[in-house]
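Order of appearance sets the numbers: ligands from 1, and atoms from 1 within every ligand.
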Amino acid sequence: MEFNLNNKVRPHLAGVKSYQTLRDSYINKQAVYLDANENPFGEFNRYPDGDPIQLKKKLAEINQAKTENLFLGNGSDELIDLTMRIFCEPTKDSILIMNPSFVMYEIYARMNNVQVEKLELNSGFQLEKDLFLDTVSKSQAKVLFLCSPNNPTGNSIDDLEFYIQNFNGIVVVDEAYIEFSPEDSAVKLLNKYPNLIVLKTLSKAFGMAGLRIGVGFSSIEIASLFIQLKPPYNISSESQKLALLQLNNLEVLKNNISIILKEKEKLKLGLEGINSVVKIFPSDANFFLIEFKDAQLIYQKLLDKNILTSLRHPSLNNCLRISVGNADENSELLKVLSEIKES
Ligand SMILES: *Cc1c(COP(=O)(O)O)cnc(C)c1O
């Protein structure tokens, strides 16, 4: 299939000029800054670097990618929204998503007045190839969102490349949890597929949800589109600085990931001993999707003890999604669960 990016981008964007700023060419230079109506006083008075090159270099190095293939968002959430705003014509175009999957794809589609088509996952929460090919042959969807490991089910999607290869639009592979998973990142497929966007985030495995940094990987052409069309200063200077500091201690971050993975195994053993647990679904992420006899009741009983969990998807009957916490949090969870009497 011939892929032509120009046919995928919303036509009116060809003529849209992004906000031009002198600043990025003068960053870190001694200069008299009278161009942006900033206040000359204060600790946070200057606008941040609009295309944070230091941070991008570091992220490229960590992900074995090139800086020019990388773009940043205020969380990967912003990049999901931008994907629709760049490729989908409101009221006309649609996106194709897995069901169940991350709820924000649908929420941003609705906000952008973009239609949503769904691919039902099978009982093992995998895509069915026949259903996929059949759906795609009838669909005009501009963007396919794949999420692996999938939220809220936790499993990795088998044979991702098949779906990337057989979709003639933009394919977004959302890898928010990939660092917890034994699977390879789809970043290594970028050279092969000009229609591929891989999204990662510093919010989950890297422990920086508060900094709001999402990372996109794609062809240089797609990356340039995002850089041009994103809000001009979408990563705050403090976030840039603090993320770089954290990423310079990668060993600490990696160690935290292995602690979480050990806690995850312990938590699984504990959950297997809980009476009200019907099924713990296989997870490659830092959470479990768990089926209970009565999820609503468990959810409420946990909430009564100030333990917050996530009551999932309408299509996931009697399931809660529960994150892996630290040792104390997980023990507290197991203690409360073991004391719940189901009437
Ligand atoms: C948490 C999550 C995100 C959003 O991450 P941010 O970078 O914090 O916006 C994206 N996709 C999935 C599947 C997630 O679970």
Side-chain angles (χ1 to χ4, degrees), residues 52 55-56 59 62-63 70-85 95-109 111 116 118-119 121 125 127 143-157 160 163 170-181 183 185-187 196-218 226 230-231 234-236 238-240 242-243 246-247 253 257 260 264 281 283-289 308-313 315-316 319-325:
L55 181 56
K56 283 173 71 174
L59 287 164
I62 292 172
N63 291 285
L70 213 141
F71 49 98
L72 302 181
N74 190 272
S76 50
D77 259 80
E78 183 177 56
L79 300 175
I80 294 167
D81 183 37
L82 268 172
T83 303
M84 296 187 207
R85 289 168 48 198
I95 60 163
L96 184 57
I97 63 176
M98 316 189 302
N99 189 42
S101 192
F102 187 43
V103 291
M104 293 312 293
Y105 311 138
E106 183 159 3
I107 292 174
Y108 282 121
M111 286 178 178
V116 178
K118 294 183 183 180
L119 287 160
L121 299 181
F125 299 133
L127 281 165
V143 185
L144 166 66
F145 282 91
L146 301 170
C147 185
S148 185
N150 189 25
N151 179 6
T153 59
N155 61 297
S156 300
I157 301 301
L160 271 183
Y163 306 101
I170 301 292
V171 181
V172 175
V173 177
D174 186 340
E175 295 189 334
Y177 301 94
I178 192 76
E179 296 85 2
F180 294 113
S181 138
E183 302 295 323
S185 166
V187 164
L196 178 61
I197 296 175
V198 181
L199 296 183
K200 299 200 190 198
T201 176
L202 299 189
S203 298
K204 307 286 164 55
F206 288 108
M208 298 180 225
L211 299 186
R212 307 305 300 126
I213 297 177
V215 194
F217 301 85
S218 68
F226 275 84
K230 72 179 180 57
N234 60 337
I235 313 290
S236 79
E238 287 305 282
S239 286
Q240 293 181 27
L242 296 172
Q246 298 258 319
L247 292 172
L253 302 180
I257 294 174
I260 292 168
K264 180 182 161 190
F281 290 94
S283 166
D284 280 343
N286 65 332
F287 59 82
F288 284 111
L289 183 73
L308 281 64
T309 61
S310 182
L311 189 60
R312 285 336 281 174
H313 253 258
S315 62
L316 291 167
C319 287
L320 298 185
R321 193 196 63 198
I322 302 186
S323 315
V324 179

Close N/O pairs between ligand 1 and protein, under 3.5 Å:
from     : atom 1 : to   : atom 2 : distance (Å)
ligand 1 : 5 (O)  : S76  : OG     : 3.2
ligand 1 : 7 (O)  : S76  : N      : 2.6
ligand 1 : 7 (O)  : S76  : OG     : 3.0
ligand 1 : 7 (O)  : T201 : OG1    : 2.5
ligand 1 : 7 (O)  : S203 : OG     : 3.4
ligand 1 : 8 (O)  : S203 : OG     : 2.6
ligand 1 : 8 (O)  : R212 : NH1    : 2.7
ligand 1 : 9 (O)  : S76  : N      : 3.2
ligand 1 : 9 (O)  : D77  : N      : 3.0
ligand 1 : 9 (O)  : D77  : OD1    : 3.0
ligand 1 : 9 (O)  : R212 : NH2    : 2.9
ligand 1 : 11 (N) : D174 : OD1    : 3.3
ligand 1 : 11 (N) : D174 : OD2    : 2.6
ligand 1 : 15 (O) : N151 : ND2    : 2.8
ligand 1 : 15 (O) : Y177 : OH     : 2.6
ligand 1 : 15 (O) : K204 : NZ     : 3.1

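No salt bridge links E78 with R212; every basic N to acidic carboxylate O contact stays at or beyond 4.0 Å.
One side chain, S185 or E175, offers a donor N or O that lies under 3.5 Å from an acceptor on the other. No side-chain N or O of Y177 forms a donor-acceptor pair with one of N150 less than 3.5 Å apart.
Side chain of K118 to main chain of L96: no donor-acceptor pair is present (N/O by atom type, distance under 3.5 Å, no hydrogens or angles).
Judged by a 6.0 Å distance limit and a 45° cone about the ring axis, K230 is not positioned over the six-membered ring of F71.
The side-chain contact (heavy atoms from CB on, under 4.5 Å) search around S236 returns E238, S239, not counting sequence neighbours.
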